[in-house]
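Notes for the one structure printed next.
Bear in mind that the values here come from a model prediction, so they are computed numbers and not experimental data. Just so we're on the same page: letters track the sequence lines, and every chain starts at 1.
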There are 2 protein chains.
Amino acid sequence: MSDDAPPEALRSLASWLLTQTAAHAHRLVTDGLGAIAARGHHYRLLASLDEFGPASQATLARHSGVHTSDVVAALNELSAAGHTARLPDPADRRRNIITLTPSGRTHLTAMRERLQAVQEDLLRPLDATERATLTTLLTRLLAHHENRERESRHAG
Amino acid sequence: MSDDAPPEALRSLASWLLTQTAAHAHRLVTDGLGAIAARGHHYRLLASLDEFGPASQATLARHSGVHTSDVVAALNELSAAGHTARLPDPADRRRNIITLTPSGRTHLTAMRERLQAVQEDLLRPLDATERATLTTLLTRLLAHHENRERESRHAG
DNA sequence: AGGCATTCGTTGGTGGCGCCAACGTCGGCG
DNA sequence: CGCCGACGTTGGCGCCACCAACGAATGCCT
């Protein structure tokens, strides 16, 4: 649906370049994960569990950046598939403790492989140095805006 | 909702960096345009009209990259606000010819100003050279994936 | 000890964006 | 003439980000 060249008014906007390339990246990721019946949220949650160990849904949300209401839905799916276990915290009955099951660990590994392939696909036209540069620039932008968010949340 | 640091498994994925920064960019754009009751699609369409002149909805979709079904909705809003005019093409009665009204031109200018401010906000941590580098890298990625899309559409 | 604010999980809903299927209308070409 | 295709439109889907509200439970503060 976008055969002709976009107007310069778009091409010259960094925000447009970002959201467009991100859209392509998102499609690659969705397709890659879709092939093993997974979605972005699943990877974020399982990766967080793997790296930080068992956690409540709230801390899981904070680590993964997934909204708590979406964490509920994603964990419903993951638990139904046996990839996570949801058991009540005896020390605080408001909380659930989420753990990664062996099946979940296997699934996570499969996701990682898919995502590695996606990165290759995504970054194909760039050489190693350029990839590093891109990563650095994006990381700096991200850090900046994450800080801004934190400040405005604590101030407001 | 994302207070703690994301896991390294995310930070190391270029696709994640892209979609995250794009999400921030998208929010800035949405807020900026929202202040003047505009949305992303509106800008894309008006900018296309401004740069390429009056066009049918189909060619407008091709230029702006907005899906035709979404073009309909956006043009309903823009026409209702008097920013565009939709008149039947006498030469081809399937087509509508969309034109930019004076009011639309004014609106476009206001959007441009907002978006310029957003770019500043978005890229604040980068100096001029770094901004140029980022633009170049993203443009190359975008061109690559756009070509891939075209090829697969004409092949399949 | 009592009362209040806060946290946690959950439900249901919103909006943007990208996209697909279907349909009636109309034009162009073999 | 008949068929294929383009055009505009409607209605719907999926993913992601996010918000409001609620009951249950906890912790703090007095």
Is [X] close enough to [N] that one of its side-chain N or O atoms is under 4.0 Å from OP1 or OP2 there?
X     : N      : result
B:Q57 : D:dT9  : yes
B:H24 : D:dA17 : no
A:H26 : D:dC15 : no
A:N76 : C:dG9  : no
B:R95 : D:dT9  : no
A:R93 : D:dG27 : no
A:R86 : C:dG9  : no

Counting distance alone, no hydrogens or angles: does the base of [N] have a donor or acceptor under 3.5 Å from a partner atom on the side chain of [X]?
X     : N      : value
A:R94 : C:dT7  : yes
A:D92 : C:dC8  : no
B:S69 : C:dC20 : yes

Q: Go through D:dC15, D:dC18, D:dC7 for me and flag the one nearest to the A:H67 side chain.
A: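 Ranking D:dC15, D:dC18, D:dC7 by closest atom to the A:H67 side chain puts D:dC18 first.
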Atom [atom1] of [X] and atom [atom2] of [N]: how far apart are they, to the nearest Å?
X     : N      : atom1 : atom2 : answer
A:L45 : D:dA17 : CG    : C1'   : 14 Å
B:L28 : D:dC18 : CG    : C1'   : 16 Å
B:L18 : D:dC15 : CG    : C1'   : 17 Å
B:R62 : D:dG8  : CZ    : C1'   : 12 Å
B:I97 : D:dC7  : CD1   : P     : 13 Å
B:L33 : C:dG16 : CG    : P     : 11 Å
A:L60 : C:dT7  : CG    : C1'   : 16 Å
B:Q20 : D:dC18 : CD    : C1'   : 14 Å

Can you tell whether the side chains of [X] and [Y] come within less than 4.0 Å, N to carboxylate O?
X      : Y      : result
A:D121 : B:R148 : yes
A:E51  : B:R11  : no
A:D50  : A:R112 : yes

Q | A:R44 vs B:L75, nearer the 5' end of DNA chain D by closest nucleotide | A | B:L75
Q: Starting from the 5' end of DNA chain D, give me the residue, B:V72 or A:P90, whose nearest nucleotide shows up first.
A: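 Its nearest nucleotide being more 5', the pick is B:V72.
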Does a donor on one side chain sit under 3.5 Å from an acceptor on the other, for [X] and [Y]?
X     : Y      : value
A:R86 : A:Q57  : yes
A:H26 : B:T19  : no
B:S15 : A:Q119 : yes

Q | Of A:D70 and B:R39, the one whose closest DNA chain C nucleotide lies more 5' | A |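 Closest to the 5' end, via its nearest nucleotide, is A:D70.
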